[in-house]
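Structure record follows, encoded as structure tokens.
We use all heavy atoms of the structure for the numbers below, so side chains are in, but hydrogens, waters and symmetry mates are not. The structure presented is a predicted model; accordingly, all values stated were derived computationally and were not measured.
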Amino acid sequence: MHIRQQLHRHRLAVAVLAMLLIAPVLTAISGPTAASAAAPAVEVGVGYADITPIAGGYKGGWACTCGQIHGQHTRLYARAVVLKSGDTKVALVTVDLFALSGGMVRDAAALLPGRGLSEQNVLASATHTHSSQSGYMNHSAYNTIFPDLASGDSLTAVLGAQLLTPADQTMYNFMTRQLASALRRADDDLAPGAVGWGHTTLLGVTHNRSLEAHLADYGIHDEPGTGKESDDPHGYAGTIDPAVDLLRIDQIRNGHRVPVGVYTTFANHGTVDKANFWYFSADHQGSAERHLSAKISAAAHLPAGSNVVTAFANSDAGDMSSGLEWNGPALADNVGRREASAMFNAWVAAGNAMTTTPTVALRWTRMCMCGQRVDGHATDTTPWGGLAGMAGSEEGRGVAGELGVAREGAHLPVDVGPQGDKITVLPGASAFPKAVPLTVLQIGTQVIASWPGEPTVGVGNALRAALAPVVKPLGVGRVVVAGYAGEYLDYWTTPEEYEMQHYEGGSTVYGEYASPLVTSWLVGLARNLAAGTAAPAPYAYDPNQGLRVTGDSYGSGASAGTVTGQPTAVGRLLHPVFRWTGGANGVDRPVGSALVTIQRYVSGKWTAVTSDLGTQILWSSDANGKYAAQWEPSLSQAAGTYRMVVTAKRYTLVSGAFAVHASTALVPTVVGGKVQLALPAPVVNKDWTWRPAWSPGWTATFLVDGRKVVVSGGRALSVPSGTHVSIPVGGARDAYGNTNAEAVVLR
């Protein structure tokens with residue numbers, strides 16, 4: 001009897017642990033708590049859509065002809081979560097773009113009549129990947145592309161074609177319709193559900209790129225390049241926003257919760273992939289979105305092929321980035337994996353806070369940048385760029401910075417009007433938004449506040465501090481800042497940061513006190529929410545700037561393709577290439593499904609392994625319709641026979657079979673008296689997926705004065721001093737059969 005009791009307790013403990021970790025599948029729904037009894041049951045739905053346009057043109061965010069688009073590394077998506085509580089419906093949307101215009105949001109909602117969706121209840125934000133497209137924004141300032149003088153571009157020719165240009169109508173049509181598709185799919189997916197917030201922090205992947213401007217918030221005035229993270233009163237953690245907030249979305253199926261999506265925020269620029277990586281890429285955010293979806297699916301034991309919609313919204317990332325120390329798609333993958341791990345921890349924590357009856361309430365308005373005063377200070381009626389802004393950021397200097405015409409820290413000796421000490425250049429007028437939408441949205445125990453552009457961590461801190469006491473009576477414990485949301489209007493700094501005139505301050509276009517003005521309006525919306533009163537009437541304004549959806553489309557591409565080059569046998573981590581000709585600039589690529597699929601021959605049939613919907617394939621296409629697709633087999637990819645299959649809009653091509661074998665790139669290295677098998681570091685822009693520095697699990701055959709000694713399991717090799725020790729070719733082997741191509745003398 002005693003043994004049975006012990007077994008029962010052990011099984012109970014294991015069951016409780018399992019419920020905490022994979023509650024969506026195993027935990028039955030309980031009734032509403034007393035605190036939430038008055039709220040109606042929530043319905044939830046998720047959806048996504050491919051927003052990757054054809055290739056050609058230039059990247060958004062870098063705004064330079066140096067950032068060309070020759071093909072695709074990862075697809076770009078719009079991801080949507082719709083919540084319905086009683087008569088209240090809201091949509092949380094993220095897009096893999098450098099920015100998003102309010103006009104596109106309004107047009108996308110207008111394509112869905114009768115669904116109760118509009119610009120007022122669709123909170124849409126950009127992840128801010130700088131490897132998305134350009135040329136689709138409603139306001140022409142954000143369609144500008146500057147010349148790359150280093151590559152010999154003609155200044156007159158490039159500026160004449162790319163300065164303050166209207167949006168590409170076909171691209172705008174495509175992207176708006178796809179954004180509407182994501183919303184429609186999420187709305188069609190509505191079903192009874194449960195939601196809950198989780199929170200954690202992530203340190204070590206971001207740093208403040210304008211540290212001296214940030215330190216000015218604490219009265220410290222250092223010259224550019226001289227500040228130290230330790231000078232912040234809170235140390236390194238105070239120089240960034242380390243918060244990871246995650247809203248977990250489960251649907252109720254057969255009385256149990258099943259995870260279907262998340263809405264999560266973290267502050268990090270999308271600049272790990274630089275301008276010279278000439279492919280569409282969702283940067284580290286895209287890696288995080290994919291790895292987080294896989295982690296949740298595995299933890300919840302979802303069926304193969306399940307896709308948890310992971311909407312990654314950037315936050316107050318105006319002055320922080322992973323791109324200061326990491327460069328290229330392989331390291332973007334590494335950053336994304338670390339973000340996904342933190343987000344997964346927040347998802348697990350959210351499992352203990354799920355409710356079927358969350359409060360869902362929203363206040364929205366549109367505020368004019370009309371020269372209002374705030375805290376006794378004026379804001380501007382005209383947007384002005386600054387000389388410091390033309391210098392560009394630390395991840396990539398602009399043309400003026402490269403020429404030495406502009407530099408960070410350059411400012412006037414005294415303040416002059418609303419623009420303070422900024423050295424003003426390039427007045428914007430209608431090229432920039434005149435009015436911005438603002439949203440305060442309560443979902444359960446947290447509030448999301450939108451910000452129409454790139455707020456610094458200092459602005460985020462000020463906003464959270466101002467909103468927290470206002471929303472506390474609502475039972476709200478945390479305020480989440482959703483940056484790049486609703487509209488894009490450049491950077492936003494605190495007055496103290498602005499006075500330092502770094503890149504961000506030089507790009508705060510409506511003046512020194514523009515950010516406090518927006519904060520005051522968001523506080524007003526929060527007060528309306530807390531008091532149950534209506535939001536101020538929105539300022540009458542057309543965010544579309546005359547741009548509307550028309551019937552133009554990209555077309556159906558070439559009717560046939562012709563193979564021009566076959567892949568050959570490769571070792572893992574190397575790149576087999578398949579070449580063909582077809583329609584120009586990737587127009588043959590189908591929307592929402594794979595263009596390139598890798599198949600393995602197993603037991604008499606071909607089985608799909610991966611595709612260009614993931615992160616292992618890179619393909620290019622030029623204006624002459626020449627295509628090349630490359631695959632990067634992982635360190636653990638099964639050895640065997642493979643082929644590439646191209647499934648275009650109107651044709652299919654199949655490559656010849658080729659072999660993938662074990663890598664011979666391992667290098668035995670002594671670390672702390674033990675041998676480790678080092679992997680070659682990824683080559684910037686030529687390798688795309690992260691690999692560890694050391695290959696796992698190894699066995700090595702040593703020659704000790706010519707005598708063979710086999711050691712495995714990471715044990716140290718103990719040999720007498722004065723002996724000759726080496727590892728012959730192929731003598732070291734990791735857990736996947738990878739080995740060394742060269743002999744190594746260890747002593």
Tyr498 vs Tyr513, side-chain contact (heavy atoms from CB on, under 4.5 Å): CA-CA, chis, key distance, verdict
CA-CA 9 Å; Tyr498 186 96; Tyr513 285 88; over 6 Å; no
Sort and list the pairs that fulfil salt bridge (charged side-chain N to carboxylate O under 4.0 Å, His left out) and have at least one residue in residues 389-401, not counting sequence neighbours.
Arg209-Glu395, Glu394-Arg397, Arg397-Glu408
Could you give all pairs that pass the salt bridge (charged side-chain N to carboxylate O under 4.0 Å, His left out) test and reach residues 413-431, with sequence neighbours left out?
none
Just to verify, which of Leu463, Leu438, Leu489 counts as forming a side chain to side chain contact (heavy atoms under 4.5 Å, CB included) with Trp451?
Leu463
Does anything in residues 277-289 pair up under salt bridge (charged side-chain N to carboxylate O under 4.0 Å, His left out), and if so which pairs, sequence neighbours excluded?
Arg79-Glu289
Please check this pair: side chain of Thr494 against backbone of Gly458, looking for a donor-acceptor N/O pair closer than 3.5 Å.
no
Under the rule for ring pair (Phe, Tyr, Trp, His ring centres under 6.0 Å), what residues qualify as partners of Phe280, not counting sequence neighbours?
none
Under the side chain to side chain contact (heavy atoms under 4.5 Å, CB included) rule, collect the residues that match up with Asp168, sequence neighbours excluded.
Thr170, Met171
Go through the side-chain N and O atoms of Tyr510 and Gln419 and say whether any donor and acceptor fall under 3.5 Å apart.
no
I would like to know whether Phe277 and His73 meet side-chain contact (heavy atoms from CB on, under 4.5 Å); could you show each step before the answer?
CA-CA 9 Å; Phe277 182 59; His73 172 228; 3.9 Å; yes
With side-chain contact (heavy atoms from CB on, under 4.5 Å) as the test, would you mind laying out the steps for Leu215 and Leu211 before giving the verdict?
CA-CA 6 Å; Leu215 292 175; Leu211 185 59; 4.1 Å; yes
Nearest heavy-atom contact between Ala167 and Leu547 is CB-CD2, 3.6 Å
Is the side chain of Thr519 donor-acceptor paired with the backbone N or O of Ser515 at a distance under 3.5 Å, no angle test?
yes
Residues passing the side-chain hydrogen bond (donor to acceptor under 3.5 Å, both in side chains) test with Thr127, sequence neighbours excluded, are none
Does one side chain, of Ser287 or Asp333, offer a donor that lies under 3.5 Å from an acceptor on the other?
yes
Asn585 versus Asp622, side-chain donor and acceptor atoms under 3.5 Å:
no
Tell me, which pairs form a salt bridge (charged side-chain N to carboxylate O under 4.0 Å, His left out) where one or both residues lie in residues 228-242, sequence neighbours left out?
Lys228-Asp231, Asp241-Arg464
Passes side chain to side chain donor-acceptor pair (under 3.5 Å), Thr165 versus Ser140? Steps please.
CA-CA 5 Å; Thr165 57; Ser140 59; over 6 Å; no
Do the two ring centres, one from Tyr142 and one from Tyr488, sit under 6.0 Å apart?
yes
Residues in side chain to side chain contact (heavy atoms under 4.5 Å, CB included) contact with Ser620, at least two apart in sequence or another chain
Tyr279, Ala628
Would you say the side-chain atoms of Thr129 and Asp96 include a donor-acceptor pair closer than 3.5 Å?
no
With no hydrogens and no angle check, just 3.5 Å: does a side-chain donor-acceptor pair link Thr265 and Ser315?
no
Quick one: closest heavy-atom pair of Val272 and Trp326, and the distance?
CG1-O, 3.8 Å
Donor-acceptor side-chain pairing of Tyr58 and Gln68 below 3.5 angstrom
no
With side chain to side chain donor-acceptor pair (under 3.5 Å) as the criterion, how do Asp245 and Tyr263 come out once you've worked through the C-alpha distance, each side chain's angles and the decisive distance to 0.1 Å?
CA-CA 8 Å; Asp245 286 281; Tyr263 175 83; over 6 Å; no
Heavy-atom closest contact (Val549 atom, Asn173 atom, distance)
CA-OD1, 3.5 Å
Closer than 3.5 angstrom, by distance alone: can the side chain of Gln372 be matched with the main-chain N or O of Cys368 as a donor-acceptor pair?
yes
Using 4.0 Å as the upper bound for N to carboxylate O, is an ion pair formed by Glu487 and Arg366?
no
What do the steps show when you test Tyr236 against Asn208 for side chain to side chain donor-acceptor pair (under 3.5 Å), and what is the final call?
CA-CA 9 Å; Tyr236 157 68; Asn208 196 305; over 6 Å; no
Using distance alone, with no hydrogens and no angle criterion, decide if Ser322 and Thr206 have a side-chain donor and acceptor under 3.5 Å apart.
no
If you look at every heavy atom in Leu100 and Ser125, which pair is closest and at what distance?
CD2-N, 4.4 Å
Answer yes or no: is there a donor N or O on one side and an acceptor on the other, between the side chain of Thr176 and the main chain of Ala108, under 3.5 Å?
no
Under a 3.5 Å threshold, yes or no: a donor from one side chain and an acceptor from the other, between Arg548 and Asn544?
yes
Identify the two heavy atoms, one from Pro53 and one from Gln133, that lie closest to each other, and give their separation to 0.1 Å.
CD-NE2, 3.2 Å
Taking Ser101 for its side chain and Gly103 for its backbone only, find out whether a donor-acceptor pair lies under 3.5 Å.
no
Indicate the ring-plane relationship of His139 and Tyr541, choosing parallel, tilted or perpendicular according to the 30° and 60° boundaries.
parallel
Could you label the plane-to-plane angle of the His269 and His130 rings as parallel, tilted or perpendicular, counting under 30° as parallel and over 60° as perpendicular?
tilted
Do Arg106 and Asp542 sit within salt-bridge range, that is, some charged N less than 4.0 Å from a carboxylate O?
yes
Taking side-chain hydrogen bond (donor to acceptor under 3.5 Å, both in side chains) as the definition, give me every residue that meets it alongside Ser210, ordered by chain and number, with sequence neighbours left out.
Glu504
With sequence neighbours excluded, tell me which residues meet side-chain hydrogen bond (donor to acceptor under 3.5 Å, both in side chains) with Thr439.
none
Closer than 3.5 angstrom, by distance alone: can the side chain of Gln285 be matched with the main-chain N or O of Gly336 as a donor-acceptor pair?
no
How far apart are the closest heavy atoms of Trp278 and Cys66, and which atoms are they?
NE1-O, 2.8 Å
Could you list the residues that satisfy side chain to side chain contact (heavy atoms under 4.5 Å, CB included) with Glu325, not counting sequence neighbours?
His207
Go through the structure and list residues passing ring pair (Phe, Tyr, Trp, His ring centres under 6.0 Å) with His221, not counting sequence neighbours.
none
Tyr172-Asp552 side chain donor-acceptor pair, cut-off 3.5 Å:
no
I would like to know whether Met369 and Phe432 meet side-chain contact (heavy atoms from CB on, under 4.5 Å); could you show each step before the answer?
CA-CA 11 Å; Met369 304 300 297; Phe432 293 83; over 6 Å; no
Under 3.5 Å, is there a donor-acceptor pair linking the side chains of Glu339 and Asn268?
yes
Assess the side chains of His128 and Asn314: does a donor N or O sit below 3.5 Å from an acceptor N or O?
no
Apply side chain to side chain donor-acceptor pair (under 3.5 Å) to Thr456 and Glu497, showing your working.
CA-CA 9 Å; Thr456 64; Glu497 295 163 356; 2.8 Å; yes
Counting only N and O atoms by type, is there a donor-acceptor contact under 3.5 Å from the side chain of Glu212 to the main-chain atoms of Gly227?
yes
